[in-house]
Amino acid sequence: MALNHDNIQLNEHNLWRQTQPLDASPSFITLSQSYLQSKKVTSTFGGSGAYVTKVKLTNTKEQRSTWFVNIHAVYLDVGTAYWQSDHGELVTLESFGQMASKSPKLAHSQSFSLPLQSQESGTLWIYIQAKIFATPVNIEFDNKAKFYDKQFLINSITSISITVMMTLAIIALFIYLRTQYLVTLACTGYIGIQGLGWFTASGSAGNFLTISAFNPVYSGILIFPFAIVFACQFTKLLFNCQSEHPKLAKTFNLLSIVCLSLGIVMPFISFTQSFIISHVIASLWIPLCLGTGILMLTKNDFRAKYYLIGNLVYGLSLASYILSHLYKIDWDFPLEMIVLIALTIDCLCILLSLSEWLQIQQKEFHRSYAISRIDPLTQIGNRFAQNEKMASIQGHYCITFIDLDGFKKINDKLGHAAGDKVLIATADIMQKKLSGIGSIFRCGGDEFIWVVEIDKAQLVEAIITQLSDLLFQTEKDLQQQGWNDTGLSFGIATSFETSNQSECLSLADQRMYKYKQDKKAVKELAACS
């Protein structure tokens with residue numbers, strides 16, 4: 001084969017010969033003997049073990065050139081190559097297996113350099129060994145410029161995608177630490193494990209840490225079931241399936257248990273079996289997550305819009321990835337890159353759907369918070385709101401304790417519905433009178449509290465007079481509305497007279513009670529006369 005173009009692809013059809021696996025990289029003598037004893041195969045696709053080939057090459061360039069040989073194999077334990085020049089010279093090339101690689105780093109595949117003299121011809125011997133060859137092992141020859149462009153593009157996409165996923169996982173983790181919501185922990189696990197899985201599957205983990213006893217690239221398949229466990233729990237919690245869709249919740253829980261059990265077992269069985277199991281799990285997850293997204297969208301659950309978009313993009317790419325391991329499909333662009341990009345989009349959409357969930361929770365919290373601090377009958381603040389108001393006051397203040405006179409008589413004579421109307425009318429009038437001056441709260445059945453902040457001590461007398469006048473006006477307005485048997489008794493106290501809020505409230509209560517007693521005594525005296 002003449003090396004006369006920037007990029008030359010050599011299809012694997014009838015290229016490789018199957019041989020016996022070896023414990024380590026073979027010497028040239030061992031390799032040549034293995035070739036003689038090997039069995040010709042049509043394809044490596046779906047196979048396992050060891051394969052060997054030799055390719056006749058000629059460098060047509062007029063100067064010394066370095067070519068890069070790219071072996072399209074995701075998993076590769078041992079990779080050894082030799083160059084046998086027609087002049088008799090034998091050159092040992094870089095080891096490109098993932099367990100002891102000294103070759104140029106290219107994510108999702110392996111490569112090694114092949115320096116050739118001008119017009120040099122010879123034979124390239126290649127030995128590869130893996131637990132499974134998930135796709136056909138084609139060989140690609142690139143000149144230096146072409147290879148560096150490819151290396152930059154593939155490694156950049158891989159690095160950016162994994163970095164984005166791990167960053168999103170860290171963000172979700174911080175949200176969990178702050179909120180303690182389990183859905184955020186499930187989101188962290190799903191995104192984080194997916195990022196970690198592709199970090200190992202791309203070969204990046206092996207570049208940082210060489211483990212002679214184990215190929216870390218296989219870890220991507222082994223931890224995939226755990227990612228689906230977290231994905232199931234995230235989906236279940238995101239759409240509140242426990243309470244709103246119990247059958248769907250049971251489905252997610254069942255799949256989680258199955259995936260968790262398989263994930264624990266898979267390291268102890270053959271990798272081929274683990275490979276098949278992970279593909280079956282993915283085949284189950286794709287329709288389940290897409291069906292869930294569509295179902296939730298039909299129910300106008302807008303959390304599903306991001307969830308469905310992300311899983312649709314990722315699901316389609318993952319389905320294509322699975323099909324590529326079942327059928328020979330030629331892709332112009334590495335399929336792993338498409339899956340990585342799609343998964344990154346999916347992780348972004350998952351975080352957006354989590355954001356939607358958190359916004360709903362926040363709105364619900366604010367609604368519950370407001371309801372818990374509003375008196376449902378009069379629509380003014382209750383005792384909780386009063387306590388919060390008092391706690392927020394930094395300076396001096398005035399407290400007015402108010403009791404509705406004649407309220408029990410109205411309840412007994414006209415019924416509780418009439419009593420409620422009196423309370424509502426009283427609260428409405430007081431709100432209008434106190435608007436812009438202070439705050440009003442209902443602290444009991446027929447008891448109200450006015451809280452007014454005081455800027456200067458010199459204003460105390462004027463404020464007390466103003467509040468008293470407003471209460472007299474409130475009583476008059478209430479009676480003009482037809483509630484002639486009602487009235488207001490009140491007591492006013494300020495922070496200048498007491499050492500704390502409790503004492504101030506107690507003093508206002510005492511003064512209200514004395515005012516009520518004096519009022520009653522005047523009425524009794526008037527009745528006797």
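What you see is a predicted model, and the numbers here were worked out from it, not measured in a lab.
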Engineer: Can you list everything that forms a salt bridge (charged side-chain N to carboxylate O under 4.0 Å, His left out) with D149? Sequence neighbours excluded, please.
Structural biologist: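 Result, salt bridge (charged side-chain N to carboxylate O under 4.0 Å, His left out) vs D149: none returned.
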Engineer: Can you list everything that forms a side chain to side chain donor-acceptor pair (under 3.5 Å) with S65? Sequence neighbours excluded, please.
Structural biologist: none
Engineer: Of all the heavy-atom pairs spanning A169 and I191, show the shortest one and how long it is.
Structural biologist: N-CG2, 3.8 Å
Engineer: Any donor-acceptor pair under 3.5 Å linking the side chain of N59 with the backbone of Q117?
Structural biologist: yes
Engineer: Okay, side chain of N311, backbone of I286: is any donor-acceptor separation there less than 3.5 Å?
Structural biologist: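 Absent.
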Engineer: Within the distance-only criterion (no hydrogens, no angle test), does the side chain of E12 pair as donor or acceptor with the backbone N or O of T44 below 3.5 angstrom?
Structural biologist: yes
Engineer: Quick check against the 3.5 Å criterion: does T251 have a side-chain atom that pairs as donor or acceptor with the backbone of K247?
Structural biologist: yes
Engineer: Would you say that more than 12 heavy atoms from the other residues, nucleotides or ligands in this model lie under 6.0 Å from the CZ of R373, or not?
Structural biologist: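 Yes, because the 6.0 Å sphere around CZ of R373 holds more than 12 heavy atoms from other groups.
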Engineer: Answer yes if the side chains of N70 and Q110 hold a donor-acceptor pair under 3.5 Å, and no otherwise.
Structural biologist: no
Engineer: Verify whether one side chain among T19 and S38 offers a donor that lies under 3.5 Å from an acceptor in the other.
Structural biologist: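 Looking only at side-chain atoms, S38 and T19 do not form any donor-acceptor pair under 3.5 Å.
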Engineer: Write down the atom of C347, the atom of M165, and the distance for their closest heavy-atom approach.
Structural biologist: SG-CG, 3.7 Å
Engineer: Please determine whether side chain to side chain donor-acceptor pair (under 3.5 Å) holds for the pair E140 and N7, giving the CA-CA distance in whole Å, both sets of side-chain angles, and the decisive distance to 0.1 Å.
Structural biologist: CA-CA 7 Å; E140 191 172 0; N7 173 264; 2.5 Å; yes
Engineer: So, S202 versus E336: side-chain donor-acceptor pair below 3.5 Å or not?
Structural biologist: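 No donor-acceptor contact under 3.5 Å links the two side chains.
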Engineer: May I ask you to decide if the ring planes of H279 and F275 are parallel, tilted or perpendicular, using 30° and 60° as cut-offs?
Structural biologist: tilted
Engineer: Return yes if a side-chain donor-acceptor contact under 3.5 Å exists between Y82 and Q84, otherwise no.
Structural biologist: no
Engineer: Could you tell me whether a side-chain N or O of Q129 sits under 3.5 Å from a main-chain N or O of G49, the two making a donor and an acceptor?
Structural biologist: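 Not confirmed, Q129 side chain does not pair with G49 backbone.
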Engineer: Would the distance check show the side chain of T58 and the main-chain N or O of S121 forming a donor-acceptor pair, the cut-off being under 3.5 Å?
Structural biologist: no
Engineer: Between D346 and A342, is there a donor-acceptor pair closer than 3.5 Å when you use the side chain of the first and the backbone of the second?
Structural biologist: no
Engineer: Determine whether more than 12 heavy atoms belonging to other residues, nucleotides or ligands lie under 6.0 Å from atom CD of E388.
Structural biologist: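 Correct, the count exceeds 12.
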Engineer: Just checking, any donor-acceptor pair under 3.5 angstrom between side chains of E94 and S113?
Structural biologist: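 There is such a pair between these side chains.
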Engineer: Between Q233 and K236, is there a side-chain donor-acceptor contact under 3.5 Å, judged purely by atom types and distance?
Structural biologist: yes
Engineer: For the residue pair Y218 and Y75, does the interplanar ring angle fall in the parallel (under 30°), tilted (30 to 60°) or perpendicular (over 60°) class?
Structural biologist: parallel
Engineer: Should the ring pair Y148 and F68 be called parallel, tilted or perpendicular, given that the plane angle runs from 0 to 90° and is split at 30 and 60?
Structural biologist: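 Because their plane-to-plane angle lies in the 30° to 60° range, the rings of Y148 and F68 count as tilted.
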Engineer: For a side-chain contact (heavy atoms from CB on, under 4.5 Å) with C232, tell me which candidate from L254, L255, I257, V258 qualifies.
Structural biologist: L255
Engineer: May I ask you to decide if K61's main-chain N or O and Q119's side chain share a donor-acceptor pair within less than 3.5 Å?
Structural biologist: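 Yes.
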Engineer: Just by modelled atom types, is the K105 backbone N or O under 3.5 Å from a matching donor or acceptor in the N155 side chain?
Structural biologist: yes
Engineer: Begin from the C-alpha positions of D301 and K299 and carry the test salt bridge (charged side-chain N to carboxylate O under 4.0 Å, His left out) through to its verdict.
Structural biologist: CA-CA 5 Å; D301 190 331; K299 295 180 179 295; over 6 Å; no
Engineer: If you measure from OG on S34 to CD1 on I29, what distance do you get to the nearest 0.5 Å?
Structural biologist: 11.5 Å
Engineer: I'd like to know if the side chain of Y307 reaches the main chain of M296, judged simply by a donor and an acceptor atom lying under 3.5 Å from each other, with no hydrogens or angles considered.
Structural biologist: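 Between the backbone of M296 and the side chain of Y307 there is no qualifying donor-acceptor contact (under 3.5 Å).
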Engineer: Does the structure place the NZ or CZ of R17 under 6.0 Å from the centre of the six-membered ring of Y35, at an angle of no more than 45° from the ring's axis?
Structural biologist: yes
